[in-house]
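Single-structure report; data block below.
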Protein chains: 2
Amino acid sequence: MRLSTKGEYASRAMLELSLHHEEKPLHIRDISKAQDIPERFLEQILLQLKRAGYLRSRKGPNGGYYLSKPPAEINVAEVIRVMDGPLAPIDCVSVTAHEVCPHESSCGLKGLWKEVRDAVAKIMETATFEELAERTRAARAGRRRGA
Amino acid sequence: MRLSTKGEYASRAMLELSLHHEEKPLHIRDISKAQDIPERFLEQILLQLKRAGYLRSRKGPNGGYYLSKPPAEINVAEVIRVMDGPLAPIDCVSVTAHEVCPHESSCGLKGLWKEVRDAVAKIMETATFEELAERTRAARAGRRRGA
DNA sequence: CAATAGTCGACTAACTCAATCGACTTAGTG
DNA sequence: CACTAAGTCGATTGAGTTAGTCGACTATTG
Ligand code: FES
Ligand code: FES
């Protein structure tokens, strides 16, 4: 039930972009530094996210990546699905890539997997990057005040 | 967020064993046939489950595997953990294999991953094999009546 | 002792993952 | 218009994991 590094990096990158939304585009290098992601690997991730329609980019000096819509309209489930495919633990309960099991009609496990899928989907679909950015800002402010 | 085949097979095997609990031991071949799992692969899985203490076995003719305790006392989370390791999507929110992230204190994502972990854990820890066996029997009975 | 059934460790082929590279295209700057 | 700073794209790689196999061994029963 592990999330791939790619999925994790993608979430972190999107979060970073959300934190700087409505400023200048961020270039790969800066995101890479801020979030500690190998630059060349991040390049691929951002490209994939762009092809999926979540990011836009500008070339040349002062270029970089930026969100194609406000962070409030993007949730974590979407970006994970772009990077890692369906959220479901096994295919027979996937909404996006359903496939049938042989013993499906008499399988006592299917219901359980479905519960898991639904729970995960609900949490990730509810979490927008707007909200995550807000949490991050709060955590950082708290840290500055404290310690 | 995918479950490995090994985890899936292990669940199915445990379910099969639960359905026949308190009868004779089941041998690998029968479980393999009933649940459509490659025999030689299943062998490994059962062995692992035995080493973890969930199964006992008897050699020789009339031998086979059987549960070491009643199905009501075994939940799915346990067996998945034996086969696939921690349930958490990433290590910093794992209870069983916690590890720290670099930017942990100012990370807006950690809370989310934790929610996911907790939700998955709750569902899987609540589901006992007793209950799953019951669901399976119900589904089969229903199927016999219907169609 | 022959047949049955689990035990153990090693092995492998295929695949996936994380990462890297080189060559190319586009955009801004002086 | 040349130079340079960026993103774009496809290919490739190396490490690691997964799913599955194999052969030799040990214990049990009849
Ligand atoms: S796992 Fe798909 S139906 Fe049982
Ligand atoms: S992901 Fe572990 S702290 Fe952010």
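Proteins come first, then strands; the chains are lettered A, B, ... in the order of their sequence lines, and each starts at number 1. Heavy-atom basis, side chains included; hydrogens, waters and symmetry copies ignored.
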Assert: residue with more 5' nearest nucleotide on DNA chain D, out of Gln44(A) and Asn62(A), is Asn62(A)

Which nucleotide in the list dG6(C), dG28(C), dT8(D) gets nearest to the side chain of Tyr65(A)?
dT8(D)

Considering only heavy atoms from C-beta outward, does the side chain of Met1(A) approach that of Leu3(A) to under 4.5 Å?
no

Heavy-atom side-chain proximity of Tyr54(A) to Glu78(A) below 4.5 angstrom
yes

What is the distance, to the nearest angstrom, from the CD atom on Gln48(A) to the C1' atom on dC17(C)?
12 Å

With a 3.5 Å cut-off and heavy atoms only, can you find an N or O donor on one side and an acceptor on the other between the side chain of Glu39(B) and the base of dT21(D)?
no

Has the side chain of Arg29(B) got a donor or acceptor atom sitting under 3.5 Å from an opposite partner on the base of dG6(C)?
no

If we only count heavy atoms from C-beta on, is the Asp118(B) to Val93(B) side-chain gap below 4.5 Å?
no

Check if the side chain of Arg40(B) and the base of dG23(D) share a donor-acceptor pair of N or O atoms closer than 3.5 Å.
yes

What is the separation between atom CG on Leu42(A) and atom C1' on dA6(D), rounded to the nearest whole Å?
14 Å

Side chain proximity check, Met14(A) to Leu49(A), heavy atoms < 4.5 angstrom:
yes

What's the closest nucleotide to the Glu43(B) side chain, out of dG7(D), dG28(C), dG9(C)?
dG9(C)

Let's see if you can work this out: which of dT29(D), dT8(D), dA19(D) has an atom nearest to the side-chain heavy atoms of Lys59(A)?
dT8(D)

Separation of dT18(D) atom P from Glu8(B) atom CD, nearest Å, is 15 Å

Base, sugar-phosphate, or nothing for Arg51(A), non-hydrogen atoms under 4.0 angstrom?
sugar-phosphate

Over all strands shown, is Leu46(B) touching base, sugar-phosphate only, or nothing at heavy-atom distances under 4.0 angstrom?
nothing

I need the NE2-P distance between His27(B) and dT7(C), as an integer number of Å.
14 Å

So do the side chains of Met124(A) and Asn75(A) get within less than 4.5 Å of each other, counting heavy atoms only?
no

Residue-phosphate contact under 4.0 Å: Lys50(B) side-chain N/O, dT7(C) OP1/OP2:
yes

If each of Pro38(A) and Leu26(B) is mapped to the nucleotide of DNA chain C with the nearest heavy atom, which maps nearer the 5' terminus, i.e. the 5' end?
Leu26(B)

Measuring to OP1 and OP2 of dT7(C), would you say a side-chain N or O of Ser57(B) lies under 4.0 angstrom away?
yes

Can you tell me how far C1' of dT7(C) sits from CG of Leu55(B), to the nearest Å?
14 Å

Under 4.0 Å: is that the gap between some side-chain N or O of Tyr9(B) and OP1 or OP2 of dA19(D)?
no

